[in-house]
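The chains referred to below are lettered A, B, ... by the order of the sequence lines, with proteins before strands, and numbering in each begins at 1.
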2 protein chains.
Amino acid sequence: MSISLAIVEDLPEVREGLTQFIALNPEFIILDTFETAEQALGELPSLNPDIVIMDISLPGMSGIECIRRVRKKIPKVQFMMFTVYENDEKVFDALKAGATGYMLKSTGLMQLVEGLKELYNGGSPMSANIARKLVNLFKTEHGDVEPDAALTNRENEVLQLLAKGLLYKEIADQLKISVGTVRQHIHKIYEKLHVQNRTEAINKSIRKVP
Amino acid sequence: MSISLAIVEDLPEVREGLTQFIALNPEFIILDTFETAEQALGELPSLNPDIVIMDISLPGMSGIECIRRVRKKIPKVQFMMFTVYENDEKVFDALKAGATGYMLKSTGLMQLVEGLKELYNGGSPMSANIARKLVNLFKTEHGDVEPDAALTNRENEVLQLLAKGLLYKEIADQLKISVGTVRQHIHKIYEKLHVQNRTEAINKSIRKVP
DNA sequence: CAGGGCGTAGAACTTTCGTTCTATTGAACG
DNA sequence: CGTTCAATAGAACGAAAGTTCTACGCCCTG
């Protein structure tokens, strides 16, 4: 059972290099290659490959936008980013859009081929540098909180209500305490979370837990 | 310049297998090996290796707890998990504790050695299955916010920034428009969403909390 | 080409938020 | 038994947020 591929890559040398190298490997079948996201967008839904190897910087529509749109039509296709971009924004945007593999062009074709197999088997192969970005983000969002940053029970109650968008007065009424106390609790919460306002506090605490 | 290692692993066969295989590779020096987390905890701070290869299931203290404690003393040491555990909780706990590499014992020694090099060079090598867990978590937490159809493009842009907790002034700066306009957009947003303030708007559009 | 939606902008105003300071009570701890 | 901390509370004040009104240029559509 072979793995069917499509390639979206504007540079002819890279595209052909990829095609030829992958063709050496009998597990893969390359169904088609595209130079632009627009072309790919038209053809991919009917091609329905197992995996699309996707560049990011393309003339016209970006590879990321292309993923977003193609996935609406054929959600089970896997996307392997294969690009030079290594900055956080591009990486995270690609993953948000639905890419599940992310290999840098600098890591070489051998690893790419290994990665394609892993991707097909449900893994998320990625260059170690890319994985590090994810790990770092994960740690900033879920990292062990400093001891003094732990909120008290009461503070957590207040935070829950705060997160609903209630006014201080409404929170006070609901908890049967005064507005002054509410203010006090909230002030402490902001202090412990190192934030300046309600929205930041919510983003830092509530939204973290899936 | 060689990479110095320590190994924490209770099973003698695995420990010795690792030692011997890695010894074949001249880039590495194994400073010491430990059978328990407690032993490691005592010795690692003075050994100060570049990388610690860490098992999770150990008699007594777990490898994860060990990482947590060792990192307090020598924060720059890198930890490579090398374990059979593949369930989400263990993986995420290890990463929270400070592990930066996570390879499954099933992936083989060759890849482990490759991973050690990548870890030393600032990457986060991990088995593709482990990376997939991270990617999935990332997507559930940062999943694309499909812009609310009722809002105009501009209004959606403003809402995104509003949701980050930015001040009106900051939103204005970022979008290169005046604060008056920002106020105007936000007012329209609240009107369309039938809400009274920032937090309610975010709950209704982005977080979809009822 | 008139009308409507959109994006822009500012003025004037009220409400809410957030900070700072001070103070009291009760529980926990060594 | 003093100390520390969570929870309570209020006063006073400045900083943002949010409302209301007005206005203009642009583009699209009937």
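Map B:N153 and B:V179 each onto its nearest nucleotide of DNA chain C; the residue landing nearer the 5' end is B:N153. Projected onto DNA chain D by closest heavy-atom contact, A:K176 and A:K188 fall at different nucleotides, the more 5' of which corresponds to A:K188.
Salt bridge A:D55/A:K105: present, at least one basic N to carboxylate O contact under 4.0 Å. For the pair A:K164 and B:E200, the salt-bridge criterion is not met [side-chain N within less than 4.0 Å of a carboxylate O]. One finds a salt bridge joining A:R68 and A:E65 here, because a Lys/Arg side-chain nitrogen approaches an Asp/Glu carboxylate oxygen to under 4.0 Å. Here B:R154 pairs with B:E157 in a salt bridge; the nearest charged N to carboxylate O distance falls below 4.0 Å.
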Reading nucleotides 15-30 of chain C 5' to 3', which nucleotides get B (base under 4.0 Å from a protein heavy atom), which S (sugar-phosphate only), which -? -SSBBBB---------

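A:T152 has no side-chain polar atom (N or O) that falls below the 4.0 Å cut-off from OP1 or OP2 of D:dC5. Side-chain N/O atoms of B:S178 include none lying less than 4.0 angstrom from OP1 or OP2 on C:dT8.
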Residue pair A:F138, B:F138: steps toward the ring-ring contact (aromatic ring centres under 6.0 Å, His included) verdict: CA-CA 8 Å; A:F138 173 81; B:F138 173 81; over 10 Å; no

Criterion side-chain hydrogen bond (donor to acceptor under 3.5 Å, both in side chains) on A:E86 and A:N129, from CA distance to verdict: CA-CA 8 Å; A:E86 204 175 342; A:N129 296 9; 2.9 Å; yes

side-chain contact (heavy atoms from CB on, under 4.5 Å), that's the test. Do A:L134 and A:L95 meet it? Break it down for me. CA-CA 10 Å; A:L134 259 187; A:L95 294 177; 4.1 Å; yes

Could you list the protein-to-nucleotides 28-30 of chain D atom pairs, N/O on both sides, closer than 3.5 Å?
none

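Atom CG of A:N153 is surrounded by 12 or fewer heavy atoms from other residues, nucleotides or ligands within 6.0 Å.
As rounded to whole Å, 15 Å separates atom C1' of C:dC6 from atom CG of B:L175. Here the P atom of nucleotide C:dA9 and the CD1 atom of B:I171 are 14 Å apart, to the nearest Å. For B:H185 and C:dG10, the NE2 to C1' distance is 14 Å, given to the nearest whole Å.
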